[in-house]
Amino acid sequence: MTKMLSVFFAAQVLAGAGAGDVEAQHRPVYFVTAGFAAPASSSVSDVWYPGIGLGAGAEYFFHPSLAVQGHINYVRFGFDQGKFKAENDALGVVTDTKGGEKHLFSAFAGLKYTKSIDSDDLDVRAVPYAVGGVGILSYSEADTEVVEIGNQVFHVDGQSGAGFAINAGAGIDIRLTDRVHLFVEARFEAGFTSGERGSTQLFPARVGLSFE
């Protein structure tokens with residue numbers, strides 16, 4: 001988590017340096033997000049439901065169409081007892097499971113390209129954008145308590161891992177007021193995480209509000 005925060009704050013320093021020449025024209029933009037994440041690899045889909053998450057970040061425009069962006073995200077994947085039993089309970093002896101949820105934390109720094117708006121189109125309120133960057137992604141899994149017929153209880157240890165990550169995506173930015181925007185975006189994120197499960201890949205879809 002400390003490494004992720006370091007990446008995030010480093011992005012803010014870099015962004016601030018890039019924005020110095022246009023500070024009078026462009027304010028820093030802060031945003032918050034909420035959404036869900038669909039698994040894109042077995043390391044996320046094996047025994048978990050699609051996740052739900054929250055995020056926050058900031059961006060600084062150093063050009064009318066280009067910004068440096070930094071953001072942190074958290075996603076929780078609930079444990080799917082049905083999938084667990086289908087894959088690990090061929091004899092049908094499991095009566096209950098507890099725990100097992102999966103938590104993902106990520107921090108990214110990258111670039112955002114927003115379609116330019118001509119001076120004749122200043123009344124346009126929705127513009128597309130593309131984003132991409134690099135960062136760090138980590139995951140942790142809670143221990144799972146497995147109850148079998150006869151009330152025998154077994155514990156399955158959770159796993160954890162972290163590694164370098166990349167992401168790319170696109171979205172639509174909708175201007176609500178001069179300083180408040182609504183945006184909807186979808187990304188692909190891949191973390192080359194350590195541990196037995198291999199890489200962690202997902203498709204997050206987020207809705208957010210940004211504030212200048």
Side-chain angles (χ1 to χ4, degrees), residues 1 3-19 26 28-45 48 50-77 102-117 126-139 161-175 181-195 197-210:
M1 189 64 183
K3 290 182 179 179
M4 281 187 270
L5 290 175
S6 298
V7 169
F8 177 70
F9 289 117
Q12 310 314 307
V13 173
L14 176 63
H26 299 284
V29 178
Y30 303 96
F31 58 86
V32 292
T33 64
F36 72 94
S41 63
S42 60
S43 60
V44 187
S45 65
W48 294 278
I52 55 175
L54 299 171
E59 59 193 23
Y60 296 84
F61 281 86
F62 58 90
H63 180 275
S65 296
L66 290 173
V68 177
Q69 184 184 84
H71 58 102
I72 56 176
N73 303 288
Y74 164 74
V75 182
R76 179 187 182 278
F77 295 88
K102 185 168 190 159
H103 307 271
L104 261 62
F105 299 90
S106 61
F108 288 100
L111 291 175
K112 175 181 177 180
Y113 171 77
T114 303
K115 182 181 181 299
S116 298
I117 299 177
V127 294
Y129 64 86
V131 288
V134 298
I136 297 172
L137 185 149
S138 72
Y139 73 89
F164 173 77
I166 59 174
N167 80 91
I172 298 290
D173 185 282
I174 303 168
R175 177 165 52 90
H181 291 220
L182 171 72
F183 62 91
V184 181
E185 67 175 34
R187 302 194 187 208
F188 170 73
E189 296 180 359
F192 304 98
T193 46
S194 58
R197 297 196 182 279
S199 65
T200 301
Q201 302 174 30
L202 59 151
F203 290 105
R206 303 182 177 108
V207 176
L209 286 174
S210 60

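All values below come from the heavy atoms of this structure, side chains included, with hydrogens, waters and symmetry mates left out.
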With distance as the sole criterion, is a donor-acceptor pair present between the side chains of E59 and Y30 under 3.5 Å?
no
In this structure, CD1 of I166 is separated from CD of E189 (nearest 0.5 Å) by 10.0 Å
Please determine whether side-chain contact (heavy atoms from CB on, under 4.5 Å) holds for the pair N73 and R206, giving the CA-CA distance in whole Å, both sets of side-chain angles, and the decisive distance to 0.1 Å.
CA-CA 11 Å; N73 303 288; R206 303 182 177 108; 3.6 Å; yes
Go through it in stages, so that I can follow the logic: the residues are H103 and Y74, the test is side-chain hydrogen bond (donor to acceptor under 3.5 Å, both in side chains), and I'd like the CA-CA distance, side-chain angles, deciding distance and then a yes or no.
CA-CA 7 Å; H103 307 271; Y74 164 74; 2.8 Å; yes
Is the charged tip of K102 near the ring of Y139: under 6.0 Å from the six-membered ring centre and within 45° of its axis?
yes
Minimum heavy-atom distance between S41 and Q201, given as atom pair plus value:
OG-N, 3.0 Å
Heavy atoms only: give me the nearest P39-S45 pair and the separation to one decimal.
CB-CB, 3.6 Å
Test item: P204 and F36 side chains (from C-beta on) under 4.5 Å apart, heavy atoms
no
In Å and rounded to the nearest 0.5 Å, what is the NE2 to NZ distance from H71 to K112?
10.5 Å
Drop me the distance from S138's OG to L104's CG, to the nearest 0.5 angstrom.
7.0 Å
Taking all non-hydrogen atoms of both residues, which atom of D173 and which atom of H181 are closest, and how far apart?
OD1-ND1, 2.5 Å
Which atom of L137 lies closest to which atom of G191, heavy atoms considered
CB-CA, 4.3 Å
Between F31 and Q69, is a side-chain contact (heavy atoms from CB on, under 4.5 Å) present by the stated rule, with each step listed?
CA-CA 10 Å; F31 58 86; Q69 184 184 84; 4.0 Å; yes
Measure across F108 and N167 and return the closest heavy-atom pair with its distance rounded to 0.1 Å.
CD2-ND2, 2.9 Å
Starting from the C-alpha separation in whole Å, work towards a yes-or-no answer on side-chain contact (heavy atoms from CB on, under 4.5 Å) for L111 and L66.
CA-CA 7 Å; L111 291 175; L66 290 173; 5.6 Å; no
Going by atom types alone, do T200 and T193 pair a side-chain donor with an acceptor below 3.5 Å?
yes
Backbone N or O of S199 within a donor-acceptor pair of the S43 side chain at under 3.5 Å?
yes
Donor-acceptor contact present, side-chain S65 to main-chain Y113, <3.5 Å:
no
Please report the interatomic distance CD1(I136) to CZ(F164), rounded to the nearest 0.5 Å.
9.5 Å
Please give me the minimum heavy-atom distance between F77 and W48, naming the atom from each residue.
O-CD1, 3.5 Å
